[in-house]
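What follows is a single structure, written as structure tokens, with notes after it.
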Amino acid sequence: MEQETDALLPLDEPRVIAVKDGKLTYKFHFRRITADDWNQFFEGIHSSSRQEQQSQVNTIDISTPGIELVERTLVKVEGYVSRFDTAKPGWQQKVPPRHSGQLSWILRSVAQSEDSGESPFDPERQAVHLDAVWSQTGPGAQVAMFKGLVHYFNPPTAEDKRRYFRALSMTKVVGGSRKGTTIHPSRHRVLIEMYDRLIHSVDGYAVSGKPLANDSALIQREMDAYHKTQAVIALFFSAEPQESAEPEAA
């Protein structure tokens with residue numbers, strides 16, 4: 001279950017997510033997910049296509065790097081049998097995929113807000129509104145839904161636009177142009193670099209209990225890297241572009 005909250009999203013606090021399985025609920029505790037953690041996630045996404053006789057075979061794997069992200073950042077679990085030893089190295093890999101897969105999806109639950117506000121569009125300070133799930137806020141499997149997180153950008157330059165759309169359409173052919181495999185590489189580094197260069201201010205986020213507000217240097221350092229990528233995508237598109245072969249705009 002999800003519950004809307006008016007609180008600021010605490011970027012620097014550990015995350016706790018509850019997963020309901022049958023009649024039982026399990027709580028999973030995560031350390032802060034760093035930019036390096038997200039880089040490993042993005043780099044692990046596999047998206048490719050190849051021609052086999054009269055058919056095109058497309059392969060997209062976002063689940064494996066998502067589960068690896070969970071295993072890399074999970075520090076505690078509540079509700080498993082008492083003899084489950086979380087002191088042993090690698091215990092996170094014993095979490096079943098039906099739990100880790102769901103957790104991975106929740107950790108990446110960031111989307112453009114359906115309510116973008118009622119203010120007229122300002123070309124000089126372009127606003128992007130996101131909604132995000134973050135941590136548990138109550139009993140059971142209830143998690144906090146932060147609505148209307150706002151990212152204000154300076155206008156993209158002509159070079160920014162060129163770089164974005166070229167990254168969007170970039171592919172790599174391995175094994176020859178006729179029978180090779182087309183790889184769709186991640187573009188997350190371009191998105192993050194663009195975010196850091198264009199961001200002006202944000203609303204709805206906090207670090208150490210204080211709003212990030214207008215400190216662009218602090219925003220660049222503290223903002224969650226996945227939120228950065230989704231905000232830049234929303235800056236260019238009102239919805240995820242259909243031309244993109246890569247899931248979740250990595």
Minimum heavy-atom distance between [X] and [Y], given as atom pair plus value:
{"X": "Arg108", "Y": "Tyr226", "value": "O-CE2, 3.5 Å"}
{"X": "Val128", "Y": "Ala234", "value": "CG1-CB, 3.4 Å"}
{"X": "Ala18", "Y": "Thr25", "value": "CB-CG2, 3.8 Å"}
{"X": "Ser104", "Y": "Gly66", "value": "OG-CA, 3.0 Å"}
{"X": "Ala225", "Y": "Ala35", "value": "CB-CA, 4.3 Å"}
{"X": "Pro211", "Y": "Leu8", "value": "CG-CD1, 3.8 Å"}

Heavy-atom check, side chain of [X] versus side chain of [Y], under 4.5 Å:
{"X": "Phe41", "Y": "Ile33", "result": "no"}
{"X": "Ser201", "Y": "Arg125", "result": "yes"}
{"X": "Trp134", "Y": "Pro10", "result": "yes"}

Interatomic distance, [X] atom [atom1] to [Y] atom [atom2] [nearest 0.5 angstrom]:
{"X": "Arg166", "Y": "Glu159", "atom1": "CZ", "atom2": "CD", "answer": "7.5 Å"}
{"X": "Gln126", "Y": "Phe121", "atom1": "CD", "atom2": "CZ", "answer": "4.0 Å"}
{"X": "Tyr152", "Y": "Leu235", "atom1": "OH", "atom2": "CG", "answer": "14.0 Å"}
{"X": "Met223", "Y": "Leu9", "atom1": "CE", "atom2": "CG", "answer": "8.0 Å"}
{"X": "Leu103", "Y": "Phe30", "atom1": "CG", "atom2": "CZ", "answer": "4.5 Å"}
{"X": "Leu11", "Y": "Ile219", "atom1": "CG", "atom2": "CD1", "answer": "10.0 Å"}

message: Using ring centroids (six-membered ring only for Trp), state whether Tyr205 and Phe146 fall under 6.0 Å.
response: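 For Phe146 and Tyr205, the ring centres are not under 6.0 Å apart.
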Examine [X] and [Y] and state if one hydrophobic cluster contains both, with Ile, Leu, Val, Met, Phe, Trp and Tyr joined whenever side-chain heavy atoms are less than 4.5 Å apart.
{"X": "Ile45", "Y": "Val232", "answer": "yes"}
{"X": "Val190", "Y": "Phe153", "answer": "yes"}
{"X": "Val150", "Y": "Leu130", "answer": "no"}
{"X": "Met145", "Y": "Val202", "answer": "yes"}

- request: Take Leu149 and Val110, measure what side chain to side chain contact (heavy atoms under 4.5 Å, CB included) needs, and give me the verdict at the end.
  value: CA-CA 10 Å; Leu149 302 165; Val110 185; over 6 Å; no
task: Report the C-alpha separation of Val95 and Phe28 in whole Å, then their side-chain angles, then the decisive distance to 0.1 Å, and conclude whether the side chain to side chain contact (heavy atoms under 4.5 Å, CB included) test is met.
output: CA-CA 10 Å; Val95 173; Phe28 298 84; 4.2 Å; yes
Who passes side-chain hydrogen bond (donor to acceptor under 3.5 Å, both in side chains) against [X], sequence neighbours left out?
{"X": "Asn154", "result": "none"}
{"X": "Asp160", "result": "Thr157, Arg197"}
{"X": "Asn214", "result": "none"}

- prompt: Going through the checks in order, is the side chain to side chain contact (heavy atoms under 4.5 Å, CB included) test met by Gln102 and Ile17?
  reply: CA-CA 10 Å; Gln102 185 176 349; Ile17 297 174; over 6 Å; no
For residues 70-80, dump all side-chain donor-acceptor pairs below 3.5 Å to protein atoms at least two apart in sequence or in another chain.
from	atom 1	to	atom 2	distance (Å)
Arg72	NE	Asp37	OD1	3.4
Arg72	NH2	Asp37	O	3.1
Thr73	OG1	Leu69	O	2.8
Glu78	OE2	His29	NE2	2.5
Tyr80	OH	His99	ND1	2.8

message: For Tyr195, run the side-chain hydrogen bond (donor to acceptor under 3.5 Å, both in side chains) check against Gln220, Gln230, His151, His227 and tell me which one passes.
response: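 Exactly one pass, corresponding to His151.
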task: Kindly state each residue pair satisfying salt bridge (Lys or Arg N to Asp or Glu O under 4.0 Å) with at least one member in residues 84-106, sequence neighbours excluded.
output: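 Pairs touching residues 84-106 that pass the test: Asp21-Arg98.
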field: salt bridge (Lys or Arg N to Asp or Glu O under 4.0 Å) contacts touching residues 217-230 (sequence neighbours left out)
entry: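 As it turns out, the salt bridge (Lys or Arg N to Asp or Glu O under 4.0 Å) pairs with a partner in residues 217-230, which skip direct neighbours, are Arg32-Glu222, Asp196-Lys228.
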- prompt: Do you know which of Tyr164, Phe236, Phe42 makes side-chain contact (heavy atoms from CB on, under 4.5 Å) with Leu191?
  reply: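 Looking at Tyr164, Phe236, Phe42, the match for Leu191 under the side-chain contact (heavy atoms from CB on, under 4.5 Å) is Tyr164.
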- prompt: Are any side-chain N or O atoms of Ser135 and backbone N or O atoms of Val16, one a donor and one an acceptor, separated by less than 3.5 Å?
  reply: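 It does hold such a pair.
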